[in-house]
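Lettering of chains follows the sequences in order, A, B, ..., and the numbering in each one begins at 1. All of these numbers come straight from a predicted model, not from anything done at the bench.
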Protein chains: 2
Amino acid sequence: MKLVEIYQCLCDETRLRILNLLLQGPLCVCHFQEVLREPQVKISKHLGYLKARGMVKGSREGNWMIYALPNGRARSRELVANLACLQECVAENALFKRDLARLARLDLACAPAAVVRGTGKACCC
Amino acid sequence: MKLVEIYQCLCDETRLRILNLLLQGPLCVCHFQEVLREPQVKISKHLGYLKARGMVKGSREGNWMIYALPNGRARSRELVANLACLQECVAENALFKRDLARLARLDLACAPAAVVRGTGKACCC
DNA sequence: GATTCATATTCCTTGGAAGGAATGTTACCG
DNA sequence: CGGTAACATTCCTTCCAAGGAATATGAATC
């Protein structure tokens with residue numbers, strides 16, 4: 001992944017919001033939809049864009065697709081630096097903070113449901 | 001300048017090369033041309049793009065246009081963080097290092113000429 | 001096996017960015 | 001004041017990205 005490709009991934013607001021959520025951990029598409037409140041096709045296409053460039057990886061978990069950032073060892077210096085920078089930059093931004101708050105509420109509602117279902121998974125409820 | 005606008009400025013290789021040079025200090029258009037070896041119109045348009053978004057400022061110096069990053073106080077947290085990140089990211093990149101080397105050679109050739117002309121300016125010779 | 005849920009893909013339109021050729025503008029210089 | 005040097009802008013074409021509607025795929029469930 002070239003440096004300019006990293007920036008291309010970062011130059012759309014929806015993608016920034018997606019990555020902001022992924023900095024908290026893996027997430028399935030339906031949760032992106034709930035938190036971002038954007039149409040399914042929009043979310044899905046941006047995830048496809050990021051995946052095609054190696055910025056995220058996706059794995060199927062039964063009926064759901066879980067997306068995550070590449071794991072630590074697979075992250076280039078440039079990617080690590082830019083993800084850290086992104087996290088610092090969004091820290092005081094209202095939109096991104098609201099997204100994180102919604103994500104936290106979702107996790108709270110989600111985890112018990114997962115326990116009930118006996119999956120132990122926070123996703124997908 | 002919104003965060004996403006910063007990334008939009010960064011998502012083109014020519015603009016990255018321009019900003020890499022500007023991290024060393026102000027520069028005139030003709031020097032961008034010499035270092036980057038790209039056509040005048042290309043340089044000029046990318047500088048216009050950056051200027052329109054507040055990423056650089058331009059000032060006329062006689063016959064020349066000098067471009068520079070906004071000065072310290074005018075830089076937002078996001079901009080400071082991303083410029084630092086950019087500088088770190090390009091530090092080991094061959095293309096960007098070559099540009100800096102060319103810039104250094106240009107300054108060496110340029111400064112004496114400026115002295116001879118009695119301007120004391122490194123730009124434009 | 002038909003249905004349903006979650007997600008992806010296709011097809012379309014629209015807009016914006018990139019690049020080059022040509023031309024315009026501004027300042028300096030004789 | 002005509003010319004020239006340094007940049008900017010316009011006009012054009014090409015390409016890619018974004019978004020939505022509709023449709024397809026793949027897994028689970030009955």
Side-chain angles (χ1 to χ4, degrees), chain A residues 2 4-18 26-53 55-68 106 110 113-114 117-119 121-125, chain B residues 2 4-18 26-53 55-68 106 110 113-114 117-119 121-125:
Chain A
K2 288 183 60 184
V4 67
E5 291 178 314
I6 294 179
Y7 287 126
Q8 283 163 358
C9 288
L10 297 175
C11 72
D12 176 274
E13 184 165 272
T14 303
R15 288 198 291 269
L16 284 183
R17 294 175 73 195
I18 288 175
L27 212 59
C28 71
V29 179
C30 56
H31 283 182
F32 283 117
Q33 287 177 235
E34 284 201 46
V35 172
L36 304 186
R37 304 199 180 158
E38 297 282 358
Q40 181 256 330
V41 57
K42 186 170 173 177
I43 303 280
S44 183
K45 281 208 271 193
H46 280 298
L47 285 168
Y49 182 103
L50 293 171
K51 187 178 171 191
R53 284 155 184 80
M55 182 63 109
V56 305
K57 56 190 173 64
S59 58
R60 183 171 280 278
E61 191 85 24
N63 221 328
W64 302 283
M65 282 294 297
I66 315 290
Y67 284 90
L106 205 57
C110 215
R117 290 195 341 265
T119 65
K121 291 184 173 301
C123 179
C124 195
C125 56
Chain B
K2 290 182 58 183
V4 67
E5 291 177 316
I6 293 178
Y7 287 126
Q8 282 164 358
C9 287
L10 298 175
C11 71
D12 176 273
E13 183 166 273
T14 303
R15 289 198 291 270
L16 285 182
R17 295 174 73 195
I18 287 176
L27 212 58
C28 70
V29 179
C30 56
H31 283 180
F32 284 116
Q33 287 179 237
E34 283 202 48
V35 171
L36 305 185
R37 306 201 179 157
E38 295 283 356
Q40 180 257 328
V41 58
K42 186 170 175 180
I43 303 280
S44 183
K45 282 208 270 192
H46 280 297
L47 284 169
Y49 183 104
L50 293 171
K51 187 179 171 189
R53 285 155 183 81
M55 183 62 109
V56 304
K57 57 189 173 63
S59 59
R60 182 172 281 280
E61 191 87 23
N63 221 327
W64 302 284
M65 283 293 299
I66 314 291
Y67 283 90
L106 206 55
C110 216
R117 286 192 347 263
T119 66
K121 292 180 169 306
C123 179
C124 198
C125 53

Practice prompt. Would you indicate what B:Y67 reaches in the nucleic acid, counting non-hydrogen atoms under 4.0 angstrom: base, sugar-phosphate, or nothing?
Written response: sugar-phosphate
Discussion item. Measuring from atom CG of A:D12 to atom CD of B:Q8, what distance do you get when rounded to the nearest 0.5 angstrom?
Written reply: 8.0 Å
Response to the item:
Between CG of B:L27 and C1' of D:dA6 the distance, given in whole Å, is 14 Å
Worksheet item: Starting at CG of A:L47 and ending at C1' of D:dG19, how long is that distance when rounded to a whole Å?
Response: 15 Å
Worksheet item: Tell me: CD of B:E34 to P of D:dA6, nearest whole Å?
Response: 10 Å
Worksheet item: Using a cut-off of 4.0 Å between protein heavy atoms and nucleotide atoms, how would you tag nucleotides 23-30 of chain D 5' to 3' with B, S and -?
Response: ---BSS--
Practice prompt. Check the distance between D:dA8's P and B:F32's CZ and give it to me in whole angstrom.
Written response: 10 Å
Discussion item. One character per nucleotide, please: for nucleotides 12-21 of chain C, 5' to 3', B when the base has a protein heavy atom closer than 4.0 Å, S when only the sugar-phosphate does, - otherwise.
Written reply: -----SSBBB
Response to the item:
CZ of B:R17 to CG of B:L36, rounded to nearest 0.5 Å, is 4.5 Å
Item to complete: Find the distance between CG (B:L27) and CZ (B:F32) and round it off to the nearest 0.5 Å.
Response: 4.5 Å
Practice prompt. Would you name the heavy atoms of A:V29 and A:Y67 that are closest together and state the gap between them?
Written response: CG2-CE1, 3.6 Å
Worksheet entry | Between P of D:dC7 and CD1 of B:I43, the distance in whole Å | 11 Å
Practice prompt. Take the protein atom NE2 of B:H31 and the nucleotide atom P of D:dC7, then report the distance between them rounded to whole Å.
Written response: 9 Å
May I have the list of side-chain donor-acceptor pairs in residues 43-53 of chain A shorter than 3.5 Å, sequence neighbours left out?
unit_1 : atom_1 : unit_2 : atom_2 : d
A:H46  : ND1    : A:R15  : NH1    : 3.2
A:R53  : NH1    : A:Y49  : O      : 3.1

Worksheet item: What residues, two or more places apart in sequence or in another chain, satisfy side-chain contact (heavy atoms from CB on, under 4.5 Å) together with B:R60?
Response: B:M65
Discussion item. Once salt bridge (Lys or Arg N to Asp or Glu O under 4.0 Å) is applied, do any residues pair with A:K42, and if so which ones, sequence neighbours excluded?
Written reply: A:E38
Practice prompt. Would you mind reading off the distance between A:I18 atom CD1 and D:dA18 atom C1', rounded to a whole angstrom?
Written response: 13 Å
Discussion item. I need the CD-P distance between A:Q33 and C:dC5, as an integer number of Å.
Written reply: 14 Å
Discussion item. Looking at every non-hydrogen atom in both residues, tell me the closest pair between A:C30 and A:W64 and how far apart they are.
Written reply: SG-CD1, 4.4 Å
Discussion item. Tell me every residue that passes salt bridge (Lys or Arg N to Asp or Glu O under 4.0 Å) with A:K2, counting only those two or more places apart in sequence or in another chain.
Written reply: B:E13
